[in-house]
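Take a look at the structure set out below.
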Amino acid sequence: MEYSFNDIERKWQERWKSDHVYQVSNTSTKPKCYVLDMFPYPSGAGLHVGHPLGYIASDIFARYKRLKGFNVLHPMGYDAFGLPAEQYAIERGIHPAVSTKQNISNFREQLDRIGFSFDWSRQVNTAEPSFYKWTQWIFLQLFNSWYDRNANQARPITELLTLFESQGYNGLVTNRQVPDFTAAEWKSFSEKQQQDILMEVRLAYCGFGEVNWCEALGTVLANDEVINGFSERGGHPVIKKKLRQWYLRITEYADRLLESLQKLSFSDAMKEMQSNWIGKSFGAEMDFAFEKDPGKKLRVYTTRPDTIFGVDFMVVAPEHEMIPALTSPSEKKAVDQYIAYVKSRSERERMAEKKITGCFTGSYVLNPFNGRKIPVWISEYVLAGYGTGAIMAVPCGDERDFKFARFFNIPITNIIGQHFNGEDANSTKDAILENSGFLNGMLMRDAIPVVNAKLEELGIGNPRVNYKMRDAAFSRQRYWGEPFPIVWKNGIAYPLDEKDLPLELPKVDSYKAGPDGEGPLANLSEWTAKHLETNTMPGYAGSSWYFLRYMDPHNSEVFCSRKASDYWGQVDLYIGGTEHAVGHLLYSRMWTKFLFDRGFIGFDEPYKRLVNQGMIQGSSRFAHRIEISGADEMEMLAKQKPIFLSAGMKNRSLDELNASLKSVLLEQWGKGAERVQIISVSSLHVDVNLVNGAELDISAFRSWRPEYGQAHFVMENGKYICGTEVEKMSKSKFNTVNPNELVDKYGADTFRMYEMFLGPVEQSKPWDTKGIEGVHRFLRKLWRLFFDEIKGKVWTADAATEAEWKVLHKAIKKLDEDTDRFSFNTAVSALMITVNELGELKSHKKEILENLLIILTPYAPHISEELWH
RNA sequence: GCCCGGAUGGCGGAAUUGGUAGACGCGUCAGACUCAAAAUCUGGUAUUCGCAAGGAUGUGCAGGUUCGAUUCCUGUUCCGGGCACCA
């Protein structure tokens, strides 16, 4: 009896499906375990072998936990809204809903063959109205909430209204944009005035702001979607632009997002990425009075108040509001010119060039501690959006300040003695202060609190915490996203009533941008007639809460019943790539905290443990073709009958090649080849599926492309060897490997185990199909412990020996440990060793083999089921 | 520039807490079975000296701590990832 994996796998997959084996209930006496994958964006390209890596790992873990007696929630769904589907629609004229549906069915077909234990009855799709109804609903909750910094939580805006009506502003919200007012004043405000104030505190708000605008995509992008001045998707240039935009006030959660990071089981690298993104810094704000007008103050932010006596100049951002007041008549022209110059430069240019530019304002401020006159400069290296948009420059301690001082010949004060060598700034905190008035002789780090106390005592400053993180841009001028449940009337945003949700995305005929930077929905008269918001939500809206919907996917009353979310609680294990470190993961953490604050769920962090699977890179193969110069007809011939060199010859000199290949050329191209010169050797991507290891399958290559049909190959030792390189896996590089082909050839169980055997899940590694035979051999060996091709059944019900039990128990222990700590590659090795050992013992005892099948089940579920008697 | 991670045979990788480096698999070599091939099985396979027994060297590089270091410390090179005028 043979191991016919194709029949076995089909049989069990059908049975799992028809018997609803993996459907999970929300009521169980078993302990729960929630194992989640980052759901995929269903792209048109389909799956390559890199995609299922994380799914296989999570499936192993889910099956393992099930065997350990847990009620396991292991769902899958689709993150279906987003830019690529819309771009695709624009290019091919297929409606995103249609292409998305097709892509989803492709994905599903591919996934099903690998034998996952997903509970498909809980599938979610963010682009379906039954799902985005609740995305819109949560948006409304955000819109209708404010952040109470005293209670350190979000609260309904109705509560704030009551407070405003009874006590006025009264410091209830610490937001600079909101002016002080009394209860009586509040009541006297017009509706518009009141609503404008409320808009300044809503957790989802609409405002004017500088945004990342991508002209090619016709939309704004969030900070994490911009990479070095280019869009993450498509790589188009991105510029800063002032636009009306929706935002999430994620900055209110900055501190909590940072703090609760501590208790999460994320990798240190991940924690660090997130905390760098949040970018908390402790410092102080400080006032410097104008020399000419002591009533006016310039407020700066610094993290080093201890260096106050080393301040040699001030720098304000080019957008700073005090520039007109600071500019002296004699410098006005230069200042105007400089500001015009800065405006003319794109973000991209600023980042690429990084040159030192600046301009003196002509005026001075006074150091509050020693009265020293300090010149005020303008420079683009100071950012308007951070701190106060103005800094005190200490060139002996800060590299940028130092370079600036050098460049403009500003004298440098040394307050750190020999720690400053005059050639480089030194940002140490461990120097003893000199030239520093009342701080002389003090250690710098000790001086920080001393100065802070003095600032407060004199009323000229205070300690201050700043964050790099900005509020998240939450609107896109695109079609394929959730519509905002907002109606505009007289410049006031009114939320739709909950009972009118979902606000369905209408069909459109064209996806072109609307007027004035608005989205395609602005072209629809039926939409604009109702004054509906024409922007749509960004890709990360649905993914910020989808994990909650899996818990209660068919509920039409609420997004997720409290009963369901109380039962399932946090995701016990979340698997996905690092690329979402500062996007999705941060947003979903914020939404979870918000929903917790408002009492809709009972936990404030979504994911207990996060594992980042590494990327599987493509291993590209190249063929090296010789390029020639000669008569036109010869070049034509060279195209029809190309000559390829094996990898070892590619780097020979052209002289050498011309000499050694003469006869080859003559043979291939005939007499005319005498006049031909080889001028270069070019490398062309070859489909990896035509290559075995590094050796090219020549006949397959010839039939791959018609133009290679008559190709000639210059071999080494009778083989044509390809060049290799590790690159990102992509269709255009012909280095993708389709899991379907491997499943057909070796079976899903082999494929699953091989993906795990390749190396640690967290590690990035190039794909190499070569070793899959070894894993396949293992499964066949396992099969032979039960069945012999000729003799048939060989397993017996005899009692096992001591030695056999020993082998089994060693395996069970190792598998438990390895599966728990996510070391699946060593677990697969252990299984191989076990089967080898049992083979050596000629062990065919049922009681041993059955136990072996149990520990094998998570890794190779089909064969385990089949052999289970 | 700053921060984080990594470097082990021909290849992917193992060594969980400082204790026999190279598990397991690939590849390769030899053998068995076969008319032959495939499949399967058995054995060898870090480098080096040696007919052999055996010896020497060996975890990017240079040092250090230790009875003992792939593992800890210092410095350094290369590779990968993240951030990048955040005062």
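Chain naming here is simple, since letters A, B, ... match the order of the sequence lines and numbering starts at 1 in each. Side chains included, hydrogens not; waters and symmetry mates left out as well; all remaining heavy atoms used.
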Paired with [N] by Watson-Crick or G-U wobble geometry, both distances under 3.5 Å: which nucleotide is it?
| N | result |
| --- | --- |
| B:rC78 | B:rG6 |
| B:rA84 | none |
| B:rA32 | B:rU40 |
| B:rU20 | none |
| B:rG27 | B:rU45 |

Checklist entry - C1' atom, B:rG58 versus B:rU47: distance in rounded Å? => result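 So the two C1' atoms sit 7 Å from each other.
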Next on the checklist: What's the gap between B:rG25 and B:rA15 when it is taken at their P atoms, as a whole Å value?
Outcome noted: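 It comes out at 16 Å once rounded to the nearest Å.
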Checklist entry - Does A:Y381 put a side-chain nitrogen or oxygen below 4.0 Å from OP1 or OP2 of B:rA87? => result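 Looking at the OP1 and OP2 atoms of B:rA87, neither is under 4.0 Å from any side-chain N or O of A:Y381.
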Next on the checklist: Is the phosphate of B:rG12 approached by A:N825 (side-chain N or O, under 4.0 Å from OP1 or OP2)?
Outcome noted: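 No.
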Mind checking if [X] touches a base, just sugar-phosphate, or nothing, with heavy atoms under 4.0 Å?
| X | result |
| --- | --- |
| A:S281 | sugar-phosphate |
| A:P766 | nothing |
| A:L383 | base |

Next on the checklist: Rounded to whole Å, how long is the line connecting atom CZ of A:F404 with atom P of B:rC85?
Outcome noted: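 Rounding to the nearest Å, CZ of A:F404 and P of B:rC85 are 17 Å apart.
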